[in-house]
Amino acid sequence: MDSSQYQQILDNNVHESVTKLKLRRGWIFQQDNDPKHRSKSTQAFMQRNNYTVLEWPSQSPDLNIIEHLILIFSPDLITSVKVFIDGNEVGEAVHSSGPLYVLQWMAEKYKTGLHEIKVKVTDAAVRSRSRSHLFSLDDDADVHFSLFPTLILLMDHYVVSQVLFILTVLSQFILLIIYRIRRRTILRGPPGYCTLASFSMHVLSKNNTFFYAMLLLNLYTAVGTQETMERPKAVPVGGKTNKD
């Protein structure tokens, strides 16, 4: 990563994060003395965008303290929030606001390899719950996930939703046609809910008005929704529009 890429990341994320977190004008930006952080172009970028940068001593990686944010929900008062990394207790998180707890930790100690963070929470009702997950600050770390998380991460949810929609419409078509061509069943004795629903569909599917109306409705829903998904949207680029 060079200085221009770093500045692009800042431009795309910092002000958006400041707005979402509702930080006031007094927020301070923290970074270390990496060359791309200290380059003249990056310094000029920060001055243009009114960044207030925390001064960082040179040759002091152990000062790189980052706050770890933890969200905790409980109907009772939280009495203890202990954080462990790789089985070693890092410290106890302190309450910040609402369900948010924070803990300062030395990120430089975990800059390579794969690590496990565990949070153990206890409330006033003496209920205790632990949660853990893997993390890595190393771009070259080899991280493996189980099958289900891998599918969630790699799956194109837009395509999946389209496939499910198409299958739903096709199933309605098939059911209507099956009920249409099958002979009407004869009820014998008190029918159950499923039998009564099936019998009703048999009766309705033999009615031309209902049958063709449902076919047209499904066809219109499928075609109309597909056109809406694929229709390109005009995105204004400039502030003015020229009229012919």
Side-chain angles (χ1 to χ4, degrees), residues 1-2 5-10 12-23 27-38 53-160:
M1 182 188 299
D2 56 20
Q5 292 174 322
Y6 178 63
Q7 294 163 30
Q8 186 65 42
I9 292 174
L10 296 180
N12 292 339
N13 295 279
V14 171
H15 284 293
E16 181 181 353
S17 298
V18 169
T19 302
K20 288 182 178 180
L21 295 173
K22 299 180 180 179
L23 301 180
W27 62 273
I28 300 175
F29 185 76
Q30 176 186 339
Q31 62 179 4
D32 57 23
N33 291 319
D34 189 280
K36 60 180 170 289
H37 301 167
R38 303 297 299 172
V53 182
L54 179 66
E55 291 296 329
W56 205 251
S58 60
Q59 304 300 327
S60 55
D62 289 339
L63 292 178
N64 192 3
I65 301 174
I66 300 178
E67 284 189 336
H68 194 89
L69 306 180
I70 305 168
L71 284 175
I72 301 172
F73 300 93
S74 174
D76 296 296
L77 179 68
I78 301 296
T79 58
S80 174
V81 181
K82 294 183 178 181
V83 181
F84 304 82
I85 297 182
D86 296 336
N88 300 316
E89 184 174 350
V90 179
E92 188 160 345
V94 296
H95 182 249
S96 175
S97 63
L100 183 63
Y101 287 74
V102 297
L103 172 69
Q104 290 187 339
W105 61 303
M106 300 290 186
E108 287 292 332
K109 294 182 178 180
Y110 310 99
K111 58 190 286 188
T112 59
L114 188 63
H115 307 276
E116 181 185 29
I117 183 170
K118 177 181 177 182
V119 178
K120 183 178 181 181
V121 180
T122 306
D123 62 14
V126 199
R127 289 176 297 201
S128 182
R129 184 70 61 88
S130 298
R131 286 290 183 269
S132 63
H133 66 81
L134 299 176
F135 76 95
S136 177
L137 305 178
D138 187 359
D139 293 337
D140 299 325
D142 189 13
V143 182
H144 297 281
F145 297 96
S146 58
L147 178 61
F148 183 71
T150 301
L151 291 176
I152 294 297
L153 291 172
L154 300 180
M155 185 182 300
D156 189 335
H157 297 87
Y158 176 77
V159 175
V160 172

Taking all non-hydrogen atoms of both residues into account, name the closest pair between Val119 and Val121 and its distance. CG1-CG2, 3.9 Å
Treating Ser96 as the side-chain partner and Tyr101 as the backbone partner, does any N or O pair qualify as donor plus acceptor under 3.5 Å? no
Where do Leu114 and Phe135 come nearest, in terms of heavy atoms and distance? CD1-O, 3.5 Å
Check the pair Leu103 / Val94 against side-chain contact (heavy atoms from CB on, under 4.5 Å), numbers first and verdict last. CA-CA 6 Å; Leu103 172 69; Val94 296; over 6 Å; no
Lys111: what forms a salt bridge (Lys or Arg N to Asp or Glu O under 4.0 Å) with it, not counting sequence neighbours? Glu108
Between the side chain of Ser136 and the main-chain N/O of Gly113, is any donor-acceptor distance below 3.5 Å? yes
Roughly how far, to the nearest 0.5 Å, is CG of Leu10 from NE2 of His37? 7.5 Å
With rounding to the nearest 0.5 angstrom, report the NZ to CD1 distance, Lys109 to Ile85. 9.5 Å
Would you compute the distance between atom CD of Glu89 and atom NZ of Lys120 and round it to the nearest 0.5 angstrom? 9.5 Å
To the nearest 0.5 Å, what is the distance between CD on Glu116 and NE2 on His133? 9.5 Å
Derivation of the side-chain contact (heavy atoms from CB on, under 4.5 Å) call for Val81 and Ile78: CA-CA 8 Å; Val81 181; Ile78 301 296; 3.6 Å; yes
Can you tell me how far the CG atom of Leu77 sits from the CG atom of Asp123, to the nearest 0.5 Å? 8.5 Å
For the atom pair NZ (Lys36) and CD (Gln5), what is the distance rounded to the nearest 0.5 Å? 9.0 Å
Residues forming a salt bridge (Lys or Arg N to Asp or Glu O under 4.0 Å) with Asp76, sequence neighbours excluded: Arg127
Under the rule for ring-ring contact (aromatic ring centres under 6.0 Å, His included), what residues qualify as partners of Tyr110, not counting sequence neighbours? Trp105, His115
